[in-house]
Q: 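Got a structure for you, questions after.
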Amino acid sequence: LRLRTKEAATIVEAMFNKMEELSKDEPKLKPTGASYACLVSALIQQDPFKADDTLWRWHHEKEARKMRMEMDDRLLNQLISALYRKREDDWARRILKLAEAVLDGKLTGISGSPSANSMAAHALLKEGTVEAMELAETFVMTKLLGSKQNSLVFQGTKLVSTIVRGWLEVGETDLATSFLTDY
């Protein structure tokens, strides 16, 4: 069985559903954080919207049951990339929600991937509102301040130009100039 295939995603999802069904009679069998991580990972390539919904279900379970929710940056990076590539329905709003959760400390990170940072910033720009631009600016500056020095130049230039373009697109020339001057 090859990973990241539709067949693999179907099998992992069936196993997860079976765990949930069995846990009704035996609470010790409730899916764990690792179960959720495995399901999200299996669904990302086949159905990133379902993977995103599963991630948020995992987050709510974590809050309700005080369970662990440990995920590496790669899982969030892959989810953002998959949502960005699909660009269907409410992809930008979903990436916006992930970016907000990262900034609020509800989810671990998006720290290692310049492309995921750029995709998240682009999704914020897609919203086309001043509020989204303020969040994009905060997100980008947080990512820049947390960057390793060697990736700062490439990542910083790309992200800053994205923010400046976004401010210009929402008609905020002064904010675009101010951001560029401050950077």
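Keep in mind that what you see is a predicted model, and the values were worked out from it rather than measured. All heavy atoms count here, side chains included; hydrogens, waters and symmetry mates do not.
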Q: With side chain to side chain donor-acceptor pair (under 3.5 Å) as the rule and sequence neighbours excluded, what pairs involving residues 10-29 come up?
A: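 Passing the test, one end in residues 10-29: Glu13-Lys50, Glu20-Arg57.
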
Q: Under 3.5 Å, is there a donor-acceptor pair between the side chain of Ser178 and the main chain of Leu175?
A: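 A pair under 3.5 Å: no.
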
Q: Which atom pair, heavy atoms only, marks the closest approach of Ala42 to Ala9?
A: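 For Ala42 versus Ala9, the nearest heavy atoms are O-CB, 3.4 Å.
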
Q: Which other residues end up in the same hydrophobic cluster as Leu29, if Ile, Leu, Val, Met, Phe, Trp and Tyr are linked when side-chain heavy atoms come under 4.5 Å apart?
A: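 When side chains under 4.5 Å apart are linked, the cluster holding Leu29 also contains Leu22.
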
Q: Just say parallel, tilted or perpendicular for the rings of His60 and Trp56, cut-offs at 30° and 60°.
A: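 Ring orientation of His60 relative to Trp56: tilted.
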
Q: One pair to check against side-chain contact (heavy atoms from CB on, under 4.5 Å): Leu43 and Phe16. What are the steps and the verdict?
A: CA-CA 12 Å; Leu43 290 171; Phe16 185 90; over 6 Å; no

Q: Quick one, Ile44 and Leu75 - any side-chain contact, counting heavy atoms below 4.5 Å?
A: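 Of all side-chain heavy-atom pairs linking Leu75 with Ile44, at least one is under 4.5 Å.
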
Q: For a side-chain contact (heavy atoms from CB on, under 4.5 Å) check, start with the C-alpha distance between Asp90 and Phe49, then their side-chain angles and the critical distance, and finish with the verdict.
A: CA-CA 9 Å; Asp90 58 349; Phe49 298 104; 4.1 Å; yes

Q: After noting the C-alpha distance and the side-chain angles of Ile95 and Leu79, does the key distance pass the side-chain contact (heavy atoms from CB on, under 4.5 Å) rule?
A: CA-CA 9 Å; Ile95 293 175; Leu79 181 55; over 6 Å; no

Q: Please determine whether a side-chain nitrogen of the Lys or Arg among Asp53 and Arg94 lies less than 4.0 Å from a carboxylate oxygen of the Asp or Glu.
A: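 Salt bridge present between Asp53 and Arg94.
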
Q: Do the non-hydrogen side-chain atoms of Arg85 and Trp91 ever get within less than 4.5 Å of each other?
A: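 Sidechains of Trp91 and Arg85: no contact.
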
Q: Give the cluster check for Met19 versus Trp58: same hydrophobic cluster or not, with ILVMFWY residues linked at side-chain heavy-atom distances below 4.5 Å.
A: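 Hydrophobic grouping puts Met19 apart from Trp58.
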
Q: Report the distance from atom CG of Leu83 to atom CD of Gln78, rounding to the nearest 0.5 Å.
A: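 Going from the CG atom of Leu83 to the CD atom of Gln78 covers 12.0 Å.
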
Q: Measuring from atom CD of Glu61 to atom OG1 of Thr54, what distance do you get when rounded to the nearest 0.5 angstrom?
A: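 One finds 12.0 Å between CD of Glu61 and OG1 of Thr54.
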
Q: Got a donor-acceptor contact below 3.5 angstrom from the Thr177 side chain to the Thr173 backbone?
A: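 Indeed, once roles are kept as given, a pair shorter than 3.5 Å links the two residues.
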
Q: Might you work through the side-chain contact (heavy atoms from CB on, under 4.5 Å) test for Tyr36 and Lys62, ending with a clear yes or no?
A: CA-CA 10 Å; Tyr36 276 97; Lys62 176 199 86 130; over 6 Å; no

Q: Rounded to the nearest 0.5 Å, how far apart are CE of Met15 and SG of Cys38?
A: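 One gets 7.0 Å once the value is rounded to the nearest 0.5 Å.
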
